[in-house]
2 protein chains.
Amino acid sequence: MRKVTMADVARLANVSKSTVSQYLNKRYEYMSEETKKRIAEAIEQLQYRPNVIARSLKQKSTATIGVIVFNILHMLTTQVLRAIEDMCQQHDFHVIVCNTDDDPEKERKYIDMLWAKQVDGFIIFPTGKNVDLYKKMIEARLPLVFVDRTVEGIDVDAVLLDNEGAVQLAVRYLVKQGYKHIGLVAPPFASHVIPRTERIHAFRHVLRAANLPIEEEWIVTEQVKRIPERLDALLRQNKLPEAIFAINDLTLMEVLTFVKKHQLSIPTDVALISIDDVPFASVYTPSLTTIAQPAFDMGKKAAERLFMQMDGETRPQMFRLAPKLIERDSAKKRGEKNEW
Amino acid sequence: MRKVTMADVARLANVSKSTVSQYLNKRYEYMSEETKKRIAEAIEQLQYRPNVIARSLKQKSTATIGVIVFNILHMLTTQVLRAIEDMCQQHDFHVIVCNTDDDPEKERKYIDMLWAKQVDGFIIFPTGKNVDLYKKMIEARLPLVFVDRTVEGIDVDAVLLDNEGAVQLAVRYLVKQGYKHIGLVAPPFASHVIPRTERIHAFRHVLRAANLPIEEEWIVTEQVKRIPERLDALLRQNKLPEAIFAINDLTLMEVLTFVKKHQLSIPTDVALISIDDVPFASVYTPSLTTIAQPAFDMGKKAAERLFMQMDGETRPQMFRLAPKLIERDSAKKRGEKNEW
DNA sequence: TTGTACGCGTTATCAG
DNA sequence: CTGATAACGCGTACAA
């Protein structure tokens with residue numbers, strides 16, 4: 001059961017390989033109907049499938065891109081990926097997906113391997129720790145788009161959330177609803193994690209601009225699993241802020257764990273808003289007010305830019321996509337009667 | 001800036017291509033230190049990266065597998081995928097991911113394209129509608145594993161949830177907690193959707209075995225978006241069952257929407273259990289009792305079987321992985337005081 | 001309109 | 001220990 005090749009088809013159809021090739025590439029302008037039919041029959045009879053690998057070798061294009069993410073289990077990642085895959089589908093491209101778990105070593109290995117595999121481009125959620133490699137990719141003119149994070153000193157297309165805008169949306173909303181004592185909950189500060197850094201930074205910025213007090217105790221940046229106990233401590237001291245802003249879905253979960261444990265009432269005891277529109281936001285009681293990331297748009301944009309790069313030279317650009325406030329009940333006006 | 005090839009390295013190192021090739025493949029047994037060094041230097045200087053595509057052509061292996069799923073956005077899919085990717089990472093394999101949206105046409109196209117791309121194997125969540133193609137794949141000895149669903153008449157490795165067991169776990173638990181009037185909520189019946197079919201079927205079976213009444217009105221199989229209204233109707237007629245079994249996460253969401261709308265109290269007004277351990281199960285109030293699918297194990301098993309097939313012949317086998325009851329508060333004993 | 005011959009970048013074989 | 005040379009399967013001038 002040897003693999004059938006073009007030569008086999010040619011032999012059976014009694015023509016040469018090139019004729020078969022022309023046929024496959026629809027260059028039938030000068031081909032007799034008779035020949036076409038014979039080739040078609042031979043292909044059908046032999047169940048011939050062109051070997052794209054061989055073609056790639058010649059044409060220097062694999063119609064495949066590599067997408068390197070931290071963890072496909074994160075909702076944002078999944079959605080971005082889905083959007084990328086949809087775009088690729090339209091261009092008859094395929095997507096190779098790799099998880100780095102935010103480990104620079106894994107990232108390096110994946111980039112090397114996919115590069116060797118001749119992928120036509122990369123969309124990466126960068127760990128930020130392989131600056132030399134990123135530079136080499138750019139030097140080699142490998143189409144490349146960063147998503148979610150950028151890396152200082154790397155001049156490349158990047159598609160990010162407008163984090164400052166997201167924080168503004170959240171904090172201003174809380175303020176408008178009458179909350180003045182606002183806390184933030186985030187994982188530990190890490191300068192290379194752009195969204196986190198920007199959000200925490202913007203938080204201070206926005207509070208200051210609104211003339212609100214910045215209480216350091218209310219800026220909880222902590223290992224995710226230890227967030228509930230940090231909040232516990234605040235509660236014990238009776239120092240819980242009136243409202244909590246969770247900077248992403250992971251931290252939101254911890255806040256909810258805390259809230260549930262103490263049977264606090266939202267938003268009466270503490271109001272709640274978060275970035276990432278979690279799927280259960282509307283069925284939770286009370287329904288959760290969130291700032292949604294335009295995940296699909298981000299994926300779409302990233303893919304678009306990548307295809308533009310593959311089509312020809314473009315200048316690197318940074319795109320900040322707009323977040324969206326989805327108002328529900330968890331941060332309703334202070335003192336206002338809640339209907340749930 | 002032409003791509004640098006092995007020939008360039010050979011020229012610079014003053015050896016032949018074959019020697020470079022040997023070097024790369026670590027066949028240095030009879031190679032002089034001197035030569036080794038020269039080659040190493042040339043490679044470094046030229047920043048040479050072997051072209052895996054060319055190698056694949058020769059070796060008939062791409063170290064790449066195709067994974068074809070309905071929709072990467074589903075939690076089960078994401079988790080299975082993550083497990084597959086982890087396994088592949090260990091074998092230095094890559095994963096191409098494709099979404100079919102349960103459309104047989106898309107599925108056919110993807111299989112054809114990936115086949116042409118010479119992937120070394122397939123893991124598929126099959127739509128079930130391309131029987132001829134599946135058969136051709138098997139005929140061609142293409143390593144293949146089905147996940148989540150099987151297809152009648154196709155003799156191939158398949159990794160599935162033990163659906164009957166999952167339903168038993170759910171219903172027996174409800175019964176043990178004192179519930180007798182149990183309803184089921186599911187998307188519309190469709191014979192090729194194995195999990196759904198098996199769960200609905202098993203539900204009747206288990207009820208019968210437990211000598212419980214099978215009330216047709218309580219078996220709600222309906223378009224997901226219309227589920228709440230179906231439940232509304234039951235409620236209006238005062239015919240709501242004591243407990244509801246949602247056969248997956250999607251339907252669970254609809255039940256929760258219904259519950260929230262009417263401000264019903266769980267489990268007092270209606271108890272709730274579902275298949276799929278949604279991420280918010282423990283922070284919801286009350287926390288949700290669920291039947292968890294062993295998604296990671298499923299992915300791992302599928303990948304293992306695929307690698308076994310690639311290693312040599314194996315006999316097709318069906319694997320039924322065990323679900324797990326995660327007891328929380330949404331289906332606590334009828335009449336028992338709840339502490340949330 | 002079709003066939004010949006060569007190139008794509010690598011590996012395998014076999015001399016030397 | 002190293003180097004020619006022939007594949008691998010396909011695309012494409014160029015020749016016929």
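Note on naming: letters A, B, ... go to the chains in the order of the sequence lines (proteins, then strands), and numbering restarts at 1 for each one.
- Residue B:Thr35 is in sugar-phosphate contact alone, with no base atom involved, counting any heavy-atom pair closer than 4.0 Å across all strands shown.
- The salt bridge (Lys or Arg N to Asp or Glu O under 4.0 Å) analysis of residues 45-65 of chain A, with sequence neighbours excluded, yields the pairs A:Arg49-B:Asp112.
- Remark: P of D:dC10 and CD1 of A:Ile43 are 10 Å apart, rounded to the nearest angstrom.
- Every residue two or more places apart in sequence or in another chain was checked for a salt bridge (charged side-chain N to carboxylate O under 4.0 Å, His left out) with B:Asp311, and none qualifies.
- With rounding to whole Å, B:Arg38 atom CZ is found 14 Å from D:dC1 atom P.
- Using a distance-only test at 3.5 Å, with no hydrogens or angles considered, no donor-acceptor pair links the side chain of A:Asp101 to the main chain of A:Asp103.
- Spacing between atom NZ of B:Lys36 and atom C1' of D:dT2 amounts to 15 Å, rounded to whole angstrom units.
- Taking the centre of each ring, B:Phe146 and B:Phe125 stay at or above the 6.0 Å mark.
- Counting to the nearest Å, the C1' atom of D:dC8 and the CG atom of A:Leu57 are 9 Å from each other.
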Determine whether B:Val4 and B:Gln47 satisfy the following criterion, side-chain contact (heavy atoms from CB on, under 4.5 Å), listing intermediate values before the conclusion.
CA-CA 8 Å; B:Val4 11; B:Gln47 282 287 313; 5.7 Å; no
Which letter, B, S or -, goes with each nucleotide of nucleotides 10-16 of chain C from 5' to 3', with contact meaning a protein heavy atom under 4.0 Å?
BBB----
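- If you measure from atom NZ of A:Lys60 to atom P of C:dG7, you get 13 Å, rounded to the nearest angstrom.
- Put simply, OH on A:Tyr23 is 16 Å from C1' on C:dT1, counting in whole angstrom units.
- Here the C1' atom of nucleotide D:dC1 and the NZ atom of B:Lys37 are 17 Å apart, to the nearest Å.
- Taken from CE in A:Met6 to OH in A:Tyr23, the straight-line distance is 13.5 Å, to the nearest 0.5 Å.
- At the phosphate of D:dG3, OP1 or OP2 sits under 4.0 Å from a side-chain N or O atom of B:Thr19.
- If you take NZ of A:Lys117 and C1' of C:dG9, they are 17 Å apart, rounded to a whole angstrom.
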